[in-house]
Amino acid sequence: MTDVKTPPEPRTVVPVDPARRTEIDKQRVPMSARPYRLLALVKQDAVVRVQKEPDDTVMTWPHLLSIEFLAGALMSIFLLMMGLFVNAPLEALANSNVTPAVAKAPWYFLGLQELLSYFHPTVAGVMVPTFVLVGAALIPYVDRGNLAATRPSQRKTAVVLFSMFCALGLIVTFVGIFFRGPGYAFVIPYLNTDGLHFSL
Amino acid sequence: MSFLERVDQSIRRSVVWRSLFRQPYPNDERSRAYAVMNNVFLHIHPVRVRQHAVKFAYTFCLGGLSFFLFLVLTVTGVYLMFFYVPSATQAYSNILSIQSEVAFGLLTRNIHRWAAHLMVFFVFLHMMRVFYHGAYKPPREFNWVVGVVLLFVTLMLSFTGYLLPWDQIAYWAITIGTNMGGYAPLLNTPTKLILLGGLEVGQNTLLRFYVLHIMFFPLVAAIFLAVHFWRIRKDGGISGPL
Ligand code: HEM
């Protein structure tokens with residue numbers, strides 16, 4: 001078999017009516033003669049904006065990368081120090097027959113465990129976490145009042161509500177961490193010197 | 001020219017070096033742009049960024065550090081996996097021997113543990129900083145939703161890992177945690193059966209949590225992280241300035 005190459009079809013450039021050419025068209029190379037690939041279509045106003053020199057930007061190398069490097073380095077040192085000097089907890093082998101005096105969920109779920117002592121488990125264990133996650137995901141679609149407002153002073157309601165919610169979460173978590181002891185009963189930490197009933 | 005300078009130069013002029021780095025050390029604007037654009041790891045960034053976005057006090061590096069911790073956890077986690085079998089009869093003694101016999105085993109386990117707690121903490125803080133900047137507002141609504149998924153995945157990564165040492169803390173923390181989930185209306189027993197692979201925490205639970213911890217949730221996290229970072233670029237970079 002022989003490979004016969006068909007010659008490419010000649011391209012014709014249709015001339016544009018000079019009266020219809022806008023300022024941007026005049027800067028353009030005819031599409032058929034373009035020396036570049038088409039990467040994206042941008043709206044006209046975006047094209048105009050690009051032509052203005054952006055003056056509030058800095059080079060990623062070195063301005064952003066140096067900060068990232070420094071942050072990573074400091075974090076590495078911190079983790080190394082923690083790893084060298086503080087051992088991760090490990091207790092006795094798991095035993096389903098021996099309930100330890102203090103049994104707590106990991107700290108990020110301790111707020112929920114605290115709620116468990118006030119509400120029915122369906123509320124504290126299922127409805128609250130579902131509500132929190134779904135509610136959080138819905139925030140951008142609920143807060144539609146003033147979409148341009150980003151400064152806290154311009155959006156007091158949102159900031160106050162969110163802060164109250166965070167404070168509530170913090171309080172129940174703190175009570176769970178510090179003020180709950182054997183049998184999940186209320187205790188004052190360090191009283192009678194039995195220390196904190198908490199492990200990470 | 002000193003000896004060291006000559007060594008330096010002959011390295012930089014060698015065929016191997018030049019096959020690795022296509023341009024000289026980035027000193028001017030053009031080569032700096034290329035350095036970011038042509039590197040597979042750096043090209044996650046745009047070539048230029050807006051000035052306020054690189055200020056520490058805007059992002060506090062919280063998102064970036066969450067991601068850094070994720071990477072640390074991946075590396076230390078892979079190392080720990082070499083010495084750990086998810087079996088109710090072996091897991092605990094594996095941990096003991098990691099701590100006493102494996103080279104840098106104790107250090108690796110400690111770092112893995114502390115980095116995990118810190119990641120959960122930083123993701124919470126990152127979410128708060130995003131909220132207070134109103135950075136979830138258009139066009140960033142969807143990236144906030146992706147973020148909520150990432151928060152959930154981060155919590156699940158930490159929670160599933162918590163069981164693996166198979167000690168008393170692990171066993172009872174997971175018992176309490178999964179008990180709470182077992183109160184889903186109508187679905188209580190099925191939910192618990194699915195979570196635990198039985199009616200109480202046991203061998204099935206350990207295997208389930210292990211697979212979720214080392215495979216499923218890391219993959220889900222990687223996918224959503226990719227979307228998260230891609231969206232930051234597509235949404236026009238970091239929000240602000242305030
Ligand atoms: C594994 C967890 C996460 C990682 C690694 C991560 C990473 C990042 C990074 C590196 C940025 C760039 C700016 C910055 O560092 O602040 C960012 C921005 C952002 N993140 Fe996350 N994120 C995570 C979780 C979340 C969560 C939980 C939310 C919210 C629910 C969220 C919402 C956002 C939004 C909306 C932006 C854009 C902010 C802006 O433009 O100012 N992310 N994320």
Side-chain angles (χ1 to χ4, degrees), chain A residues 54 56-65 67-68 71-72 75-76 79-80 82-84 86-96 98-100 103-109 112-113 116 121-122 124-126 133 136-137 139-141 143 147 149-152 155 158-159 162 166 199-200, chain B residues 26 29 32 35-36 42 45-51 54 56 61 64-65 68 72 92 95 106-107 109-111 113-115 117 120 128 131-134 136-138 141 144-145 148 152 155 158-159 162 165-173 176-177 180-181 183-185 200-201 239-240 242:
Chain A
D56 68 333
T57 61
V58 291
M59 293 300 291
T60 297
W61 179 306
H63 298 282
L64 177 54
L65 292 178
I67 294 175
E68 285 182 350
M75 178 54 76
S76 307
L79 286 177
L80 197 61
M82 286 291 287
L84 284 174
V86 193
N87 282 340
L90 187 70
E91 278 179 14
L93 175 68
N95 186 342
S96 56
V98 180
T99 316
K104 289 186 181 180
W107 62 269
Y108 39 84
F109 288 152
L112 293 177
Q113 194 179 351
L116 211 54
T122 309
V126 182
L133 280 179
I139 288 177
Y141 306 98
D143 178 13
L147 292 180
T150 50
R151 223 174 293 160
R155 39 197 290 270
V159 166
F162 184 75
C166 290
S199 60
L200 274 170
Chain B
E29 178 147 337
R32 283 174 174 174
V36 171
L42 299 185
H45 289 306
V47 164
R48 306 185 126 263
V49 282
R50 287 164 74 201
Q51 201 155 22
V54 301
F56 175 73
C61 290
L65 283 175
F68 183 72
V72 169
Y92 184 73
I95 300 286
L106 179 63
L107 179 67
R109 176 173 181 241
N110 289 347
I111 291 180
R113 185 82 163 203
W114 301 134
H117 282 309
V120 176
M128 289 172 72
F131 184 91
Y132 285 119
H133 285 168
Y136 56 80
K137 297 198 168 193
E141 304 105 305
W144 171 272
V145 179
V148 174
F152 176 73
L155 291 175
S158 179
F159 187 64
Y162 215 75
W166 203 248
D167 64 343
Q168 282 288 71
I169 313 177
Y171 187 91
W172 291 98
I176 292 168
M180 291 198 270
Y183 283 99
E200 60 172 42
V201 177
S239 65
L242 280 184

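Each chain gets a letter, A, B and so on, in the order its sequence line appears, and its residues count up from 1.
Interface check for chain B: of the options S76(A), P152(A), P121(A), the most heavy-atom pairs under 4.5 Å are formed by P121(A). Heavy-atom pairs under 4.5 Å with chain B were tallied for P140(A), A137(A), C166(A), G125(A); the largest tally goes to P140(A). Comparing P106(A), A103(A), A71(A), A105(A) by heavy-atom pairs within less than 4.5 Å of chain B, the highest count is held by P106(A). Each of I139(A), L65(A), V58(A) has some count of heavy-atom pairs under 4.5 Å with chain B, and the biggest count is that of V58(A). Ranked by heavy-atom pairs under 4.5 Å with chain B, the list T122(A), L93(A), L133(A), V126(A) is led by L93(A). Counting heavy-atom pairs closer than 4.5 Å to chain B, the top residue among L112(A), V86(A), L84(A) is V86(A).
With a 4.5 Å cut-off on non-hydrogen atoms, P138(B) touches chain A through its side chain but not through its backbone. Contact annotation for F131(B): both backbone and side-chain heavy atoms come within less than 4.5 Å of a heavy atom of chain A. Residue V36(B) touches chain A through its side chain alone, counting heavy-atom pairs closer than 4.5 Å. For chain A, the nearby part of A35(B) is the side chain; its heavy atoms alone come within less than 4.5 Å. In this structure, chain B has a heavy atom under 4.5 Å from the side chain of E68(A), while its backbone stays farther away. The contact between E200(B) and chain A is made entirely by side chain atoms (from C-beta outward), counting heavy-atom distances below 4.5 Å. Contact of V201(B) with chain A is not made at all, since no heavy-atom distance falls under 4.5 Å. Of the atoms belonging to L65(B), it is side-chain heavy atoms, and not backbone ones, that fall under 4.5 Å from chain A. At a 4.5 Å heavy-atom cutoff, S239(B) makes no contact with chain A through either its backbone or its side chain.
When every heavy atom of L107(B) is checked against every heavy atom of G83(A), the shortest pair comes out as CD1-C, 3.5 Å. For the pair R109(B) and L90(A), the tightest heavy-atom approach, listed with the atom from each and the gap, is NH1-CB, 3.8 Å. Of all non-hydrogen atoms in Y132(B) and R155(A), the two that sit nearest each other are O-NH1, 3.4 Å. Closest approach of R113(B) and L200(A) over heavy atoms only: NH2-O, 2.9 Å. In terms of heavy-atom proximity, W144(B) sits nearest to A136(A) at NE1-O, 2.6 Å. For N95(A) against Q168(B), the heavy-atom pair with the smallest separation is N-OE1, 2.8 Å.
The line from CG of L116(A) to CE of M180(B) is 6.5 Å long, rounded to the nearest 0.5 Å. To the nearest 0.5 Å, atoms CG (N110(B)) and CG (N87(A)) are separated by 4.5 Å.
Judged purely by atom type and a 3.5 angstrom limit, R48(B) uses its side chain to pair as donor or acceptor with the backbone of T57(A). At least one donor-acceptor pair under 3.5 Å links the side chain of T60(A) to the backbone N or O of P46(B). With hydrogens and angles disregarded, no donor-acceptor distance shorter than 3.5 Å links the side chain of W61(A) to the backbone of L42(B). A donor-acceptor distance shorter than 3.5 angstrom exists from the side chain of K137(B) to the backbone of A149(A), with no hydrogens or angles considered.
Side-chain contact check for P100(A) versus Y171(B): every heavy-atom pair is 4.5 Å or farther apart. Counting heavy atoms from C-beta on, the side chains of I169(B) and P89(A) come closer than 4.5 Å. By the 4.5 Å heavy-atom criterion applied to side chains, V47(B) and M59(A) are counted as neighbours. Considering only heavy atoms from C-beta on, I176(B) stays 4.5 Å or farther from F109(A) through its side chain.
Defined by atom type and a distance below 3.5 Å, a donor-acceptor pair is present between the side-chain atoms of H117(B) and W107(A).
A search for salt bridge (charged side-chain N to carboxylate O under 4.0 Å, His left out) contacts involving R32(B) returns nothing, not counting sequence neighbours.
For Y108(A) and F159(B), the ring centers sit 6.0 Å or farther from each other.
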